[in-house]
Amino acid sequence: MSSAAKQEAVQEGAVPEQAAPEGVAPGGGASAHPAAVLNGAHHEAPAVAVWPGAPTPLGARFRVGPDGVAGTNFALWAGGAEAVELCLFDELGVESRVPLTELTHEIWHGFVPGSMPGQRYGYRVRGRWDPWTGARWNPAKLLLDPYARAVDGDFSLPPEVYAHVRDWPQQQVADTVRDDRDSAPYVPKGVVVHDDDDWSDDRRPKTPWADSVIYEMHVRGFTKLHPGIPEELRGTYAGLAHPAAIEHLVKLGVTAVELLPVHQFAHEDHLLRKGLRNYWGYNSIGYFAPHAAYAASGTTGEQVGEFKRMVRALHAAGIEVILDVVYNHTAEAGELGPMLSLRGIDNRGYYRLQPDARRYADYTGCGNTLHVVQPHVLRLITDSLRYWVTEMGVDGFRFDLAAALARSMHDVDMLSPFLAVIAQDPVLRRVKLIAEPWDVGSGGYQVGAFPPLWTEWNDRYRNAVRDFWRGALPDVRDLGYRLSGSSDLYAWGGRRPYASVNFVTAHDGFTLRDLVSYERKHNEANGEGNRDGTDDNRAWNCGAEGETDDERVRALRRRQLRNLLTTLLLSTGVPMLVAGDELGRTQRGSNNAYCQDNEISWVDWSLLEEPGWRALFDLTSRLIELRHRHPVLRRRAFFSGRAHSADGLRDLAWFTARGTEMTERDWYAPAATLGMYLSGRDIPGRDERGAPFLDDSFLAVLHAGDRPASFVLPGPPWAERYEVVVDTSREEQGAAPGVTHRAGATITVPARAVLLLRVSG
C-alpha cells in the first residue's frame, strides 16, 4: 500500500489515529536504545570492544582470533536491514549493545575478544516499519540468532514480545501499529557454545534402509514415567541415554529411533492462555539448538553435550537417531504472531508473503511458510542439517510437511532448489531422508512423487491396512499393493520398496490400542470443543466405545492389535512403530494430543506388568526378530511376479481361500481372506560376500472375517508341507510353532487372524 493509500486509510478509519500505549508507535518512529538494560531498568554497562571478524561461518563461533586472543565471532545475515546491534547479557541480565559495523554480502559481523562459551546474546535489527510492503523491523525487540547452538530461557508471550500492539482495539489492523516496548526481559537468549567434538570415538550403525525398523518416539514422553530411569533424568536426553531406556529398545529390536522435534521450539499463545503447552514441538524457532527443556544438565550450553552423549549411547547399542524436523514454518505464526527471530531480521527475506505483503502465504496451517527458494533460507536449512549430522551425530531426518519445502514459487516442484541441493550435498545425500509427502496447500499431496534418495511416509498403506481389518475395503486390490511394497507408487526412477515407510499409527492420531477401542475422537482436554483433530479415523471399537469391562470385547481388541502389528511387520517396506503401541498405550481416545504434556501422552510402563500387554510386547519383539532373520521379509527390490524356474514358482503369488491363484476377477471381488506367498528362492541381490540370498519361503494368510474360514493350502510347486510360525488368534505364541500341515489340506483360519506359515518341504 502506498503512503497516499495509507493516509487515505487513516482518514477513512481503517488505521486508527488514536493515542498509543506508552512505548507504542502507531506509525513507526524510533525507539530508545539505552546502553544497558536489567529487568526493564537502565543500567550502565562496560564498553565492549568489537573487531571486524569474518562473515563466515554464520552464528556465534568461539575461536582464537588475531594475536592469539580468544573470543567469539558473530555473523548474522540480515539482507534488508539498516543496522544490527549485538546484545550481550551478563550473569545478572545486564545488556550491553554492540553495533556491528562490518557488512559483507548482506552479512553483519564482528569479533568480540574475551567473549567466551556460555555468553548469552541476541540481536536488535533496525530498518523500516512498513507492514504494507512486508517490512517489519523493530529494534525494540530482542531477536534470537537463527544459528544459535543453544538457547537459555523459555518463551513466554506477553504483549512486549510482539512487534505490533497485540491488544489494539481494531484487530484487523493491529499488525500495522508498532509496539516499541523492550522485549529483552521476556525472551530467551542464544548461548555461545564451544564445538570441539570430533566424534572419533563414535561408530554409526549405518543400518541399510531395507533392514531398518523405525520407532517414532518423544524424548520426554518415552522416559517421563520409566521406573528404571532415575527421577532427575526422566523426560530428558540423559534419560533416553540411560541403560534402562536403551534396554527396552534393544529387546524390542528396532534399529532407529525417530525423535519428535528436538529443535528449540516455542509454545503458542492460545495454549499458554489455557494453561497448556506445546508437547509435540512442531513449532520450531531455533534450528541448531537442542530443545533446552529436555536437558537435565543445564541450559547454558550443557544441553549440547547431553544430546551428543545420548546419540553416542544409542549408537553403541546399534540404534540410529533420526530427527523429525520442521523447516516449513516457524513459531512466529502469521501477521498477528510474536517477533522472536526471523521476522525481525528480514521478514520479506525469510517468509513467503502474499501479493498483499501484510499477509503470509500459509501452506502449513501454522500461519507462515519459510521461503525456501531464497538462497539464504536454503542455506539456513542445509547448514542446520549438516550441523546435526557432522557435529551432533544424527543419522537422518524426517521432514514435516516436506511438500512445502519442495514448492518453487507456488507449485510443488520435484526439481525445486531444496531437493536439488539435498541430492548433490556430499553429507546430506548419505543420510536417511524421510518425507512427510504433503502439505495443506493446493496440490500438496505428493505421496509417491519424491525423487530417489528419499523415502516417504505412506499414508495409503495406513489407510488400506486399517480398512481391511475393520472390514471396510471394497476389495483387496489396494491391500495387495501395500503388503508387497507399493510398487504402484514407488517402482520408478530407481526407487526401491524401502521408499515406503509403512505405518498404521503415528504421533498424529489414535494410538494402536485406541484405534481398536474408539471410533470417535475424544479431544475435550485440548479445550477446543472437540473440534480439533481429524474425523477420518478409519477405526473400529470392537463393539463398545472406550474402555469396557466386557472381556469378549477386550480379547477381540487385543487380537486386532496383534493382527495390525503382524501385518505391519510382515509387509515389504520399512515398518514404523509408535512408542508404546507394542505394550498397549492409550491416549484415552485423543487423536490430537499435541498439547497434552501429561499422562495422556506419556508411555505407561506399568502395562508391561499386565500379562496381556506383556504378551503383545513379546509378539512384537518376536516379529521384528523374524524380520531381521529373513531377507525375504525385507526385500531390496520389487517383486516381479514372474516364474524364475522351470517348475513355475514365482517370487510372489496371491491365493484365494480356495487355494487357487488370484485372477483379475478375484482382485475386484469383495474378500475378507487373502493369501500371500513369498518365495525365499528368488530374492534379488547378493550378500556382502557376493553370495545370492537364499531364505525360507512363507505363506501369510490374512482373514478379517468375523467367523472362522476354510483355507486350502497351495500344493506343489509352492510347497509340500507348511509349519505354523505365527497365529494371532493366540494370546500366547509359544504353542503355535511346530504345528504342521500338508500342502493341499484345508485348514481352518480363526476369525480375524493372521497365520504365518513357513514352507517346510
Side-chain angles (χ1 to χ4, degrees), residues 58-59 76-80 105-107 134 145-147 261 263 265 282-288 323-334 337 340-355 357 359-389 396-425 427-429 431 433-446 449-451 453-454 456-457:
L58 290 169
L76 176 75
W77 182 92
H105 303 309
E106 300 185 313
I107 297 172
D145 180 4
Y147 280 73
H263 288 167
F265 63 85
Y282 290 91
N283 206 37
S284 299
I285 197 62
Y287 291 131
F288 290 77
L323 302 187
D324 195 334
V325 290
V326 189
Y327 295 111
N328 54 76
H329 75 280
T330 76
E332 293 185 303
L340 306 174
S341 182
L342 304 183
R343 173 175 284 140
I345 295 171
D346 189 343
N347 183 58
R348 296 177 298 187
Y350 276 108
Y351 293 116
R352 290 179 180 267
L353 303 181
Q354 296 184 24
R359 316 297 182 191
Y360 293 80
D362 184 7
Y363 297 111
T364 66
C366 300
N368 64 56
T369 307
L370 279 182
H371 202 347
V372 180
V373 175
Q374 297 280 11
H376 49 274
V377 180
L378 187 58
R379 178 181 180 183
L380 170 68
I381 295 172
T382 53
D383 282 354
S384 168
L385 292 169
R386 281 189 292 268
Y387 171 75
W388 286 96
V389 174
F397 306 93
R398 179 265 187 189
F399 292 81
D400 179 65
L401 300 181
L405 299 173
R407 290 183 181 270
S408 290
M409 294 312 295
H410 300 289
D411 297 333
V412 178
D413 179 8
M414 292 304 160
L415 298 176
S416 67
F418 172 74
L419 294 177
V421 166
I422 295 292
Q424 60 78 44
D425 189 282
V427 172
L428 302 180
R429 69 188 317 274
V431 303
L433 302 171
I434 306 171
E436 182 182 34
W438 51 77
D439 64 21
V440 301
S442 176
Y445 187 76
Q446 295 289 325
F450 275 71
L453 292 184
W454 288 82
E456 301 174 15
W457 271 24

| said: Run the side chain to side chain contact (heavy atoms under 4.5 Å, CB included) test on Y327 and L405 for me, step by step, so that the C-alpha distance in whole Å, both residues' side-chain angles and the decisive distance to 0.1 Å come before the verdict. | reply: CA-CA 8 Å; Y327 295 111; L405 299 173; 3.9 Å; yes
| Among side-chain atoms of T330 and Y351, is any donor-acceptor pair under 3.5 angstrom? | yes
| said: Between Y282 and D324, do the side chains contain a donor N or O and an acceptor N or O under 3.5 Å apart? | reply: yes
Any side-chain heavy atom of [X] sitting closer than 4.5 Å to one from [Y]?
{"X": "L385", "Y": "D425", "value": "no"}
{"X": "D439", "Y": "N328", "value": "no"}
{"X": "P146", "Y": "L342", "value": "yes"}
{"X": "L353", "Y": "N347", "value": "yes"}

Is there a donor-acceptor contact under 3.5 Å from the side chain of [X] to the main chain of [Y]?
{"X": "T369", "Y": "R352", "result": "no"}
{"X": "Q446", "Y": "V412", "result": "no"}
{"X": "R407", "Y": "V372", "result": "no"}
{"X": "Q354", "Y": "Y360", "result": "yes"}
{"X": "N368", "Y": "G334", "result": "no"}
{"X": "D411", "Y": "G443", "result": "no"}
{"X": "R429", "Y": "A423", "result": "yes"}
{"X": "Y287", "Y": "V326", "result": "yes"}
{"X": "D346", "Y": "G80", "result": "yes"}
{"X": "E332", "Y": "R343", "result": "yes"}

Can you tell me how far the [atom1] atom of [X] sits from the [atom2] atom of [Y], to the nearest 0.5 Å?
{"X": "I285", "Y": "L340", "atom1": "CD1", "atom2": "CG", "result": "4.5 Å"}
{"X": "I422", "Y": "I381", "atom1": "CD1", "atom2": "CD1", "result": "8.5 Å"}
{"X": "L76", "Y": "L58", "atom1": "CG", "atom2": "CG", "result": "8.0 Å"}
{"X": "L323", "Y": "D400", "atom1": "CG", "atom2": "CG", "result": "13.0 Å"}

Less than 6.0 angstrom separating the ring centers of [X] and [Y], yes or no?
{"X": "Y350", "Y": "W77", "result": "yes"}
{"X": "F450", "Y": "F399", "result": "no"}
{"X": "W388", "Y": "F397", "result": "no"}

| query | Where does the angle between the aromatic ring planes of Y387 and F288 fall among parallel (under 30°), tilted (30 to 60°) and perpendicular (over 60°)? | reply | tilted
| Test side chain to side chain contact (heavy atoms under 4.5 Å, CB included) applied to L380 and Y147, step by step | CA-CA 8 Å; L380 170 68; Y147 280 73; 3.5 Å; yes
